[in-house]
Amino acid sequence: MSERVLEIDGVSKQYRLGMIGGGTLHGDLTSWIARKRGKEDPNVKIGKEHLTHNQKFWALKDVSFNVDRGDAVALLGRNGAGKSTMLKLISRITAPTEGEIRIRGRVASLLEIGTGFHPELSGRDNIYLNAAILGMNRAETTRKLKEIVEFSEIEQFIDTPVKRYSSGMYVKLAFAVASHLDPDVMICDEVLAVGDLAFQQKCLTKMSEIARSGRAVLYVSHNMRTVSQLCNRGLYLDSGRLTYDGTVERAMELYGGSSARSVSRNLDEVPRTKDRGDTMRMLAIDFEDTQSLEYEMDSAMQFRLTSVAHIAEPRLRIRLILQNSIATPIAMTQTEPFEVQAEETFTRRIRFPLDGIAPGEYIIKMSLISGTPRGRTNYYDTIVDVSRFVITDDPAVNAGFIWSERLWGNERLKPLEML
């Protein structure tokens with residue numbers, strides 16, 4: 001039985017809004033005095049109202065989960081869901097309003113660039129400072145100093161004050177310290193996005209080693225590639241509440257908003273990143289011969305796309321980009337060119353072969369495009385998330401062979417032929 005290192009029991013965190021925020025002590029005092037006298041706040045910008053002192057905000061509400069040794073847990077959710085608040089509570093930077101957090105062992109936190117660093121001290125001095133904060137004595141830190149410095153890749157600047165470091169150098173040194181001081185729970189909140197790709201991969205490998213060695217990792221990131229590579233369990237937070245605790249694949253699907261699949265969808269109401277609806281616009285999509293948007297491998301999808309053109313276009317195409325469940329593009333296809341007239345509402349029936357696409361959940365991105373005389377692409381309308389569908393495997397056909405999308409990708413090769 002795995003040893004439990006972290007217990008979150010009914011934790012809630014409440015903040016009061018509008019109490020401070022003048023930027024200076026004088027500003028906060030004048031705002032407070034004005035409110036007490038019933039007068040207008042002199043520090044509020046024109047057109048904005050000051051939040052009342054009674055207004056409260058629950059960043060987290062009744063969250064409970066446990067973490068065992070060897071767990072690599074992804075904490076997912078949209079901005080403002082409460083992920084960083086939870087990590088700060090576990091790191092004891094702030095205390096919960098309600099509930100209890102029980103930690104068995106040492107916690108190493110990497111919540112923002114240069115956490116715990118003193119800008120006037122050198123990189124070497126900050127290693128000893130961070131180690132002391134984490135509970136390591138000087139002899140233990142000296143024994144691991146060479147390994148920490150080599151991992152950080154900044155040997156040349158180790159005796160330079162860290163105030164002169166770039167953001168990438170900060171992250172490299174901070175991660176090297178946190179990961180080499182034997183934490184029982186390691187917490188990392190998005191900071192790896194600052195490092196270069198090679199160092200990100202190095203850090204992910206190190207965190208995987210930490211989890212395999214019997215310690216625990218809590219990881220927050222909006223990069224689903226790194227989440228799928230590192231984590232074996234996913235938690236999904238929505239508006240401060242824990243709504244899912246299970247597989248990392250399902251947590252990523254919830255994060256991507258893949259819970260809804262409809263065979264008919266009004267595309268006219270779907271928001272566009274860049275709305276060019278004054279020329280052409282997709283209005284609706286209707287999928288045929290399916291009730292659940294689930295397809296077997298090597299089958300085909302059929303749908304009708306209805307659009308409106310406000311200008312004439314002799315070489316219009318419908319382009320489809322296929323993305324996997326973590327929104328990584330994996331394939332692109334398009335129709336042959338066709339002509340539309342100005343102010344024409346047109347419908348095209350499309351067949352999309354699914355040959356070679358592995359089992360899993362997929363996202364359809366679609367555009368109305370045409371080619372310019374100079375060979376460039378002119379985009380009339382684009383919808384990032386037109387629909388989502390699932391490809392399933394037939395166990396009778398592929399007995400004993402289970403596809404692992406996280407490890408093998410999204411294209412399934414044909415069987416090998418023996419000659």
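One-based numbering along the sequence shown. Predicted model only: the values in this text are computed from it and were never measured.
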| message | Under a 3.5 Å cutoff, is there a donor and acceptor pairing between the side chains of Asp286 and Ser264? | response | yes
| field | Step-by-step side chain to side chain contact (heavy atoms under 4.5 Å, CB included) determination, Leu293 to Val390 | value | CA-CA 6 Å; Leu293 287 177; Val390 171; over 6 Å; no
| query | Between Arg69 and Asp184, does a salt bridge (charged side-chain N to carboxylate O under 4.0 Å, His left out) hold up when you go through it step by step? | reply | CA-CA 8 Å; Arg69 289 191 180 275; Asp184 295 285; 3.0 Å; yes
| Going by atom types alone, do Ser12 and Asp62 pair a side-chain donor with an acceptor below 3.5 Å? | no
| query | Is a side-chain N or O of Arg281 found less than 3.5 angstrom from the main chain of Asp268, in a donor-acceptor match? | reply | yes
| query | Between Lys13 (side chain) and Leu89 (backbone), is there a donor-acceptor pair under 3.5 Å? | reply | no
| For Leu237, does its backbone N or O pair with a side-chain atom of Lys83 as donor and acceptor, under 3.5 Å? | no
| field | Sequence neighbours excluded - salt bridge (Lys or Arg N to Asp or Glu O under 4.0 Å) pairs with any residue from residues 94-104 | value | Glu7-Arg102, Glu7-Arg104, Asp9-Arg102, Glu100-Arg102
| Side chain to side chain, Gln334 and Ile369, heavy atoms closer than 4.5 Å | yes
| message | Please report the interatomic distance OG(Ser370) to CZ(Arg317), rounded to the nearest 0.5 Å. | response | 9.5 Å
| Checking Thr328 side chain against Asn324 main chain: does a donor-acceptor pair fall under 3.5 Å? | no
| message | For the residue pair Tyr380 / Ser307, report whether a side-chain donor-acceptor contact shorter than 3.5 Å exists. | response | no
| task | Report, as yes or no, whether the 6.0 Å neighbourhood of atom CZ on Arg241 holds more than 12 heavy atoms from other residues, nucleotides or ligands. | result | no
| field | cation_pi(Arg164, Phe157) dist<6.0 Å, angle<=45 | value | no
| Does Phe389 reach the side chain of Leu322, with side-chain heavy atoms less than 4.5 Å apart? | yes
| field | Heavy-atom check, side chain of Leu121 versus side chain of Pro119, under 4.5 Å | value | no
| field | Main-chain N/O of His118 paired to Asn126 side chain as donor or acceptor, under 3.5 Å | value | yes
| At their closest point, which heavy atom of Tyr236 faces which heavy atom of Gly77, and how far apart are they? | CE1-CA, 3.9 Å
| Heavy-atom check, side chain of Ile364 versus side chain of Met301, under 4.5 Å | yes
| Which heavy-atom pair separates Tyr244 from Thr247 by the least distance, and what is that distance? | OH-N, 3.0 Å
| Would you find a donor on one side and an acceptor on the other, under 3.5 Å apart, between the side chain of Arg388 and the backbone of Glu361? | no
| message | So, using salt bridge (Lys or Arg N to Asp or Glu O under 4.0 Å) as the criterion, who are the partners of Lys202 when residues are at least two apart? | response | Glu153
| request: List the atom of Leu173, the atom of Ile154, and the distance in Å for their closest heavy-atom pair. | output: CB-CD1, 3.8 Å
| message | Looking at Thr141 and Tyr128, would you say the former's side chain and the latter's main chain have a donor-acceptor pair under 3.5 Å? | response | no
| Is the NZ or CZ atom of Lys172 both under 6.0 Å from the centre of the six-membered ring of Phe175 and within 45° of that ring's axis? | no
| field | Results of side-chain contact (heavy atoms from CB on, under 4.5 Å) for Arg212 - residues two or more places apart only | value | Ser208, Glu209
| task | Using modelled atom types only, decide if a donor and an acceptor are shared between the side chain of Tyr295 and the backbone of Asp298 within a distance under 3.5 Å. | result | no
